[in-house]
Amino acid sequence: MNATATPHRFAPTAPLRGTIAVPGDKSISHRSLLLGACAVGETHITGLLEGEDVLATAAAMRAMGADVERLGDGEWRVNGVGVGGLLQPGSAIDCGNSGTSARLLMGLVASHGITTSFTGDASLSKRPMGRVIEPLSLMGASFTASPGGRFPLMLEGAHPAVPITYRLPVASAQVKSAVLLAGLNTPGITTVIEPVPTRDHSERMLRGFGAQLEVAEEDGARVIRLTGQTDLRPQDITVPGDPSSAAFFMVAATLVEGSDLTIRNVGMNPTRAGLVGVLRAMGANIEEVDVREVGGEPVADLRVRHAPLKGIEVDPALAPSMIDEFPVLFVAAALAQGTTVTRGLEELRVKESDRLATMAAALEAIGARVEECEDGLTIHGTGGEPLPGGGPVATHLDHRIAMSMAVAGLVSREGVDVDDTSPIATSFPNFMALLDGATR
Ligand SMILES: O=C(O)C1=C[C@@H](OP(=O)(O)O)[C@@H](O)[C@H](O)C1
Ligand SMILES: C=C(OP(=O)(O)O)C(=O)O
């Protein structure tokens with residue numbers, strides 16, 4: 001457990017009602033700062049997620065010469081240094097708990113004449129970095145990593161870097177984005193081949209910033225070609241609400257009887273929205289109201305009313321479009337009628353915690369019936385009966401485990417003790433306040 005752990009008991013509550021808005025999308029927030037820093041002139045951002053992960057990216061961009069300023073709630077201004085203009089930071093780049101900061105920043109630094117070390121917390125220091133070290137080494141960067149290709153590590157950027165064609169061996173938007181960001185300051189064309197599509201915010205935003213980027217469908221794969229060393233134009237960015245944060249409220253309102261909750265302004269990019277379809281297939285009542293486009297991303301208000309769920313087999317092909325939502329889906333499955341089977345989720349083992357093992361242990365600790373296999377969980381639901389509850393459940397510095405088990409507490413008999421809620425601040429600082437407000 002974390003030295004400054006903040007335990008909390010989540011007890012059964014009143015139904016979730018009214019209207020809430022979740023904070024800005026974490027992936028888009030990181031990228032707004034990174035790309036804003038690579039443009040010349042002023043990028044203006046509204047709705048930026050002010051979670052610890054994104055603040056780590058903001059601090060890194062400042063340390064490398066960008067002028068990054070908070071103007072108000074979620075409103076930020078970035079005066080960039082231009083493509084290739086990043087400076088040597090004065091000290092190590094601390095990525096905290098954030099895999100996205102770690103991998104995207106390594107990509108950016110890899111094609112600059114910068115030598116710097118990267119550090120992170122105990123969770124990030126266990127996560128694999130070999131997946132970005134490999135392509136960035138092919139581009140000419142050199143690395144001295146901790147055993148197993150882990151943090152802390154030292155990166156010596158290549159200047160000039162070498163353009164590569166890289167086929168992603170793992171479905172990861174972070175690896176794709178690391179190579180593309182390295183490609184920004186690399187002469188020639190950097191190509192990423194993506195056999196399994198992952199979130200496409202980097203491609204959308206690079207285009208929005210004026211990068212020369214083309215996406216083609218070739219032999220069943222997405223092929224992304226970026227021409228390096230062209231200027232980026234500063235942008236006005238409106239960050240939509242994070243569907244991965246909305247997920248906790250979608251599941252909570254579905255499970256708690258009597259709930260009728262509207263979640264405003266949720267990003268519905270098809271590469272992110274897998275959970276909505278899966279919950280609907282289980283019987284959830286989720287209505288998309290006022291579907292619109294905000295800042296180049298589809299957005300909707302979601303009205304979620306309580307509905308009984310039934311277990312299903314989740315198509316493994318959906319995994320990338322809901323990769324961060326599985327912990328809370330497991331909670332929904334634990335309350336469904338019948339069995340839910342998930343497979344193809346080996347990536348969950350290398351997130352902030354091993355999310356298959358952590359969720360299996362946490363759900364079992366509160367009385368759910370779960371079987372864990374190498375790449376998924378099989379969960380036998382209660383058919384709507386509350387789970388017994390109990391704990392304390394171990395969250396292992398993983399915000400999504402903490403929030404998922406908070407939702408489980410709402411539909412338990414005794415409540416659920418979560419050993420540490422402090423990691424919630426990495427992605428959803430006002431989670432507890434929104435939950436209190438919606439259940440009052
Ligand atoms: O690119 C991104 O912003 C992210 C990609 C995903 O990670 P992987 O690329 O490791 O799948 C996701 O789990 C993470 O929360 C954010
Ligand atoms: C996996 C996650 O984030 P990251 O990889 O940025 O730590 C997440 O937010 O669930």
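Read the numbers this way: they start at 1 and go in the same order the structure lists the ligands and their atoms. Note that the numbering runs from 1 along the sequence shown for the chain.
With respect to atom 10 (O) of ligand 1, the closest heavy atom belonging to the protein is Lys351 NZ, 3.2 Å. Protein heavy atom nearest atom 6 (O) of ligand 2, with residue, atom name and distance: Thr100 OG1, 2.5 Å. Annotation: atom 15 (O) of ligand 1 to nearest protein heavy atom, Asp324 OD2, 2.6 Å. Counting protein heavy atoms only, atom 4 (C) of ligand 1 is closest to Gln174 NE2, 3.6 Å. The protein heavy-atom contact nearest to atom 1 (C) of ligand 2 is Glu352 OE1, 3.0 Å. Summary of contacts: the protein heavy atom closest to atom 3 (O) of ligand 1 is Ser27 OG, 2.7 Å.
Only backbone heavy atoms of Asn97 (N, CA, C or O) come within less than 4.0 Å of ligand 2; its side chain stays farther off. Using a 4.0 Å cut-off between heavy atoms, His30 makes no contact with ligand 1 at all. Counting heavy atoms under 4.0 Å from ligand 1, residue Arg31 touches it through the side chain alone.
At least one heavy atom of Lys26 sits under 4.0 Å from some atom of ligand 2. In this structure, Lys26 is part of the shell of residues with a heavy atom less than 4.0 angstrom from ligand 1. Under the 4.0 angstrom criterion for non-hydrogen atoms, Ser427 is not in contact with ligand 2. Residue-ligand proximity: Thr426 is placed with every non-hydrogen atom at 4.0 Å or more from ligand 2.
In this structure, Phe143 has its ring center no closer than 6.0 Å to that of Phe118.
One finds no salt bridge joining Arg167 and Glu134 here, because no Lys/Arg side-chain nitrogen approaches an Asp/Glu carboxylate oxygen to under 4.0 Å. Residues Asp25 and Arg31 are not paired through a salt bridge, judged by the lack of any N-O separation under 4.0 Å between the basic side chain and the carboxylate. Between Asp242 and Arg272 there is a salt bridge, since a side-chain N of the basic residue sits under 4.0 Å from a carboxylate O of the acidic one. We find that Arg131 and Glu347 are joined by a salt bridge, their nearest charged nitrogen and carboxylate oxygen being less than 4.0 Å apart. Checked for salt-bridge contact, Lys176 and Glu203 meet the test: a charged N lies under 4.0 Å from a carboxylate O. The pair Lys351-Asp398 does not meet the salt-bridge criterion, since no charged nitrogen lies less than 4.0 angstrom from a carboxylate oxygen. A salt bridge links Arg225 with Glu218: at least one charged nitrogen is closer than 4.0 Å to a carboxylate oxygen.
Taking every heavy atom of Asp324 and a limit of under 4.0 angstrom, the matching atoms of ligand 2 come to 1 (C), 8 (C), 9 (O), 10 (O). Near His399, with a cut-off below 4.0 Å to any heavy atom, the atoms of ligand 2 are 8 (C), 9 (O), 10 (O). Within ligand 1, counting atoms from 1 as listed, the ones closer than 4.0 Å to a heavy atom of Ala173 are 1 (O), 9 (O). Shown in contact with Ile323 at under 4.0 Å from a heavy atom are these atoms of ligand 1, numbered in order with element: 13 (O).
In terms of polar-atom proximity, Ser172 is counted as a contact of ligand 1, with an N or O under 3.5 Å from an N or O of the ligand. Polar contact check, Ser101 against ligand 2: no nitrogen or oxygen pair lies under 3.5 Å apart. Checked by distance only, ligand 1 and Val175 stay at 3.5 Å or farther apart across all their nitrogen or oxygen atoms.
Comparing Arg400, Lys351, Arg127, Arg355 against atom 7 (O) of ligand 2, the shortest heavy-atom distance belongs to Arg127.
Side chain of Arg127 to backbone of Val350: a donor-acceptor contact under 3.5 angstrom is found. For the pair Ser98 (side chain) and Cys95 (backbone), a donor-acceptor distance under 3.5 Å is absent. Checked by atom type and distance alone, the side chain of Glu52 never pairs as donor or acceptor with a backbone atom of Asn97 at under 3.5 Å.
Looking at heavy atoms from C-beta onward, Thr340 lies out of side-chain contact with Thr378 at the 4.5 angstrom threshold.
Side-chain N/O atoms of Gln174 and Thr100 include a donor and acceptor closer than 3.5 Å.
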